[in-house]
Amino acid sequence: MSGGPVLALVGATGAVGTVMISIINNRETVPWGEIRLIASARSAGKKIHVRGEDLTVVELTPEAFDGVDVAMFDVPDEVSARWAPIAAARGAVAVDNSGAFRMDDEVPLVVPEVNADRIGDRPKGIIANPNCTTLSMMAAIGALHREFGLRELVVASYQAASGGGQAAIDRLRAEVEAVSGKQVGERAGDVREALDAAGLPVSDSPFPAPLALNVVPWAGSLKDDGWTSEELKVRNESRKILGIPDLKVSATCVRVPVVTTHSLAVHAVFERPVTVGQAHKIFEEQPSVVLVDEPEAQRFPTPADVVGGDPTYVGRVRQALDFPNALDFFVCGDNLRKGAALNTYEIAEELAGRL
C-alpha cells in the first residue's frame with residue numbers, strides 16, 4: 001500500500017474491529033496508502049494480517065495519530081469520548097462507531113446511502129456512526145423517504161444477542177446448551193429452574209429474563225416514562241439522519257434468541273400515496289438493499305439467511321390496512337457488519353475520495 005491517505009483503526013482487536021479487518025481484507029481495492037492498527041496497551045505488539053501484510057498493533061497514544069488522515073473508532077463510548085477529539089486535534093477525521101457523539105449538534109450522523117452530503121459538515125472533525133438498530137432499516141427507509149416523504153414511523157425490533165457484546169453472545173449460547181435436550185416446560189419458571197440448575201441464574205445475566213426459548217421486550221437502559229435507551233435511539237437518530245426533526249417515531253425494542261442479525265417490523269406513513277409495486281421498484285434500485293418478497297412461496301428474509309452479508313434485506317412488503325399512504329415491511333441486517341463495521345468503513349471510504 002502506498003500513495004494514498006492513512007487510515008487508523010482504533011479497537012482493532014475487538015469484536016467489531018475484527019469484522020472491520022475482514023471487510024478491508026475482502027475489498028477488491030482500498031484507497032489507503034497505509035493502514036495503522038491501534039488498541040490498548042495489553043494488545044500492543046500483536047500481529048494481524050491485513051491485505052497481505054502482517055501489521056503490528058500499536059498502543060493508543062496521542063502520537064499514534066500523527067500523520068493519520070482518517071481514524072475509525074470501534075471502542076466503548078468512554079474511550080471514544082476521550083480519544084476521538086485527540087485524533088481530530090492531531091489532524092485526522094474521526095469516524096466514531098460508539099454512542100458518544102451521535103446526538104451532538106456539531107457532529108454529523110451519517111449513513112452514506114442516505115445523507116452522504118453531511119460528511120463535509122464536521123466542525124469538531126468527528127463523524128458519528130448510528131446505532132445498529134437504526135442502521136438496519138435506514139437504507140430502505142431513506143430510499144422511500146426521498147420519493148414519498150416520510151411522516152411517521154412505528155418500529156418493533158427483534159434484536160440479536162450480539163448487540164449486547166460478547167458477554168451477551170456467551171450467555172445466550174450457555175442458556176441454549178442448558179435447556180437443549182431437556183424437557184423444559186412453557187412456564188418461565190421452568191426455564192429459570194433449568195438455568196439455575198446449570199449455574200446460570202438470571203441475576204448473573206446481561207438480560208433481565210431468560211433469552212433461550214423466550215423473547216425479552218427490553219434492550220438498553222431505562223429512561224424517562226418507561227422507554228429504553230435503544231428505543232429512544234431509534235427515534236432520535238432517525239430524525240437526525242433523515243433531517244426530519246419533527247418525525248413521529250415510536251419503537252419497541254425486543255431481544256430475541258438469535259446470535260447475530262437484527263430484524264425490524266416497520267410501519268411507515270408517508271406524505272404521498274405509495275404502492276407495494278412502487279416500493280418494490282425502489283428497493284430493487286438500491287445497491288445496498290436486497291428485496292426478498294414472494295408471499296406465495298413464503299420467501300422473505302430471516303436472520304439465518306442474512307447473517308454475514310453486507311446488504312439490508314427487505315420483505316413482507318404490504319399496503320397498510322386502515323392507514324392511508326402507509327406501508328408495512330420486514331427488514332433484516334447483520335448488526336456487526338452494516339450495523340457497525342461496514343457503515344463506519346463506508347464513511348471512511350467516502351472521506352478518502354474527498355481528501
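Small disclaimer: the values here were computed from a predicted structure and weren't measured.
By the 30° and 60° cut-offs, the orientation of the rings of Phe65 relative to Phe73 is parallel.
At a threshold of 4.5 Å between non-hydrogen side-chain atoms, the residues Leu200 and Asp204 do not count as touching. Two residues are said to be in side-chain contact when any heavy atoms from C-beta on lie closer than 4.5 Å; Leu264 and Tyr158 fail this criterion. Between Ile35 and Leu9 the shortest side-chain heavy-atom distance does not fall below 4.5 Å. Annotation: side chain of Leu60 is in contact with side chain of Val79 (closest heavy-atom distance under 4.5 Å). Annotation: side chain of Met138 is in contact with side chain of Ser238 (closest heavy-atom distance under 4.5 Å). The side-chain heavy atoms of Leu153 and Lys248, taken from C-beta on, include no pair separated by under 4.5 Å. Side chains of Leu242 and Ile141 form a contact here, defined as non-hydrogen atoms less than 4.5 Å apart. Using a 4.5 Å heavy-atom threshold, the side chains of Ile24 and Arg51 count as touching.
For the pair Ser162 (side chain) and Val259 (backbone), a donor-acceptor distance under 3.5 Å is present. Distance alone, capped at 3.5 Å, places no donor-acceptor pair between the Arg36 side chain and the Gly67 backbone. In this structure, Ser229 contributes its side chain and Ser221 its backbone to a donor-acceptor pair below 3.5 Å. With hydrogens and angles disregarded, no donor-acceptor distance shorter than 3.5 Å links the side chain of Asn343 to the backbone of Gly339. Between the side chain of Arg102 and the backbone N or O of Asn129, at least one donor-acceptor pair lies under 3.5 Å. The backbone N or O of Ser98 sits less than 3.5 Å from a side-chain atom of Asp96, completing a donor-acceptor pair. The backbone N or O of Pro301 sits nowhere less than 3.5 Å from a side-chain atom of Asp305 that would complete a donor-acceptor pair. A donor-acceptor distance shorter than 3.5 angstrom exists from the side chain of Asn25 to the backbone of His49, with no hydrogens or angles considered. Counting only distance, with no hydrogens or angles, the side chain of Thr134 and the backbone of Pro130 share no donor-acceptor pair below 3.5 Å. Of the possible donor and acceptor atoms, one in the side chain of Asp77 sits under 3.5 Å from a partner among the backbone N and O of Gly99.
The OG1 atom of Thr61 lies 4.5 Å from the CD atom of Glu63; values are rounded to the nearest 0.5 Å. Between atom CZ of residue Arg255 and atom CG of residue Leu211 there is a gap of 8.0 Å, rounded to the nearest 0.5 Å. Between the OG1 atom of Thr260 and the CD1 atom of Ile169 there is a distance of 5.0 Å, given to the nearest 0.5 Å. His145 NE2 to Ile241 CD1: the interatomic distance, rounded to the nearest 0.5 Å, is 11.5 Å. With rounding to the nearest 0.5 Å, the separation of CG in Asn131 from CD in Glu237 is 5.0 Å. One distance of note links CG of Asp328 with CG of Leu321; it measures 7.5 Å at 0.5 Å rounding.
Nearest heavy atom pair, residue Ile282 against residue Ala143, reads CG2-CB, 3.6 Å. The two residues Asp334 and Gly308 make their nearest non-hydrogen contact at OD2-N, 2.7 Å. Considering every non-hydrogen atom in both Pro303 and Thr261, the closest pair reads CA-CG2, 3.6 Å. In plain terms, the two heavy atoms of Thr228 and Ala219 that are nearest each other are OG1-O, 2.9 Å. Nearest heavy atom pair, residue Ile21 against residue Ala12, reads CD1-O, 3.6 Å. When all heavy atoms of Ala81 and Phe101 are compared, the pair lying nearest together is CA-CZ, 3.8 Å.
A centroid separation of less than 6.0 Å is found between the aromatic rings of Phe283 and Phe329. In summary, the aromatic rings of Phe323 and His267 are positioned with their centroids under 6.0 Å apart.
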- Item | Chi angles and distances behind the salt bridge (charged side-chain N to carboxylate O under 4.0 Å, His left out) call for Arg122, Glu106 | CA-CA 6 Å; Arg122 46 177 197 273; Glu106 295 186 291; over 6 Å; no
- Task: Carefully, step by step, assess Glu284 and Asp293 under the rule side chain to side chain contact (heavy atoms under 4.5 Å, CB included).
- Result: CA-CA 11 Å; Glu284 288 171 341; Asp293 194 20; over 6 Å; no
- Message: Would Thr133 and Glu230 count as a side-chain hydrogen bond (donor to acceptor under 3.5 Å, both in side chains) here? Give the steps.
- Response: CA-CA 8 Å; Thr133 311; Glu230 286 285 306; 3.2 Å; yes
- Message: As a quick check of understanding, evaluate salt bridge (charged side-chain N to carboxylate O under 4.0 Å, His left out) for Arg82 and Glu78, giving each step before the final call.
- Response: CA-CA 6 Å; Arg82 177 186 175 190; Glu78 63 273 14; over 6 Å; no
- I would like to know whether Leu7 and Glu34 meet side chain to side chain contact (heavy atoms under 4.5 Å, CB included); could you show each step before the answer? CA-CA 6 Å; Leu7 174 71; Glu34 176 190 344; over 6 Å; no
- Task: Starting from the C-alpha separation in whole Å, work towards a yes-or-no answer on side chain to side chain contact (heavy atoms under 4.5 Å, CB included) for Val179 and Glu175.
- Result: CA-CA 6 Å; Val179 301; Glu175 287 191 3; 5.8 Å; no
- Task: Check step by step if side-chain hydrogen bond (donor to acceptor under 3.5 Å, both in side chains) holds for Ser157 and Gln159.
- Result: CA-CA 6 Å; Ser157 73; Gln159 296 180 216; 2.8 Å; yes
- Query: Taking it one step at a time, do Thr13 and Thr18 satisfy side chain to side chain contact (heavy atoms under 4.5 Å, CB included)?
  - Reply: CA-CA 6 Å; Thr13 58; Thr18 301; 5.9 Å; no
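Counting heavy-atom neighbours within 6.0 Å of Arg354 CZ, excluding the residue itself, gives a total above 12. By the neighbour-count criterion of 12 heavy atoms within 6.0 Å, atom CG of Asp54 is densely surrounded, having more than that number from other residues, nucleotides or ligands. Environment of CZ in Arg173: sparse, with no more than 12 heavy atoms of neighbouring residues, nucleotides or ligands closer than 6.0 Å. The 12-atom threshold is not exceeded at CZ of Arg316, counting heavy atoms of other residues, nucleotides or ligands nearer than 6.0 Å.
Taking hydrophobic clusters as Ile, Leu, Val, Met, Phe, Trp and Tyr residues chained together by side-chain heavy-atom distances below 4.5 Å, Val317 shares a cluster with Val289.
We find that Lys338 and Glu346 are joined by a salt bridge, their nearest charged nitrogen and carboxylate oxygen being less than 4.0 Å apart. Classification of Glu231 and Arg235 as a salt-bridged pair fails, no side-chain N sitting under 4.0 Å from a carboxylate O.
None of Pro257, Ser205, Pro208 except one satisfies the side-chain contact (heavy atoms from CB on, under 4.5 Å) rule with Val216; the exception is Pro208.
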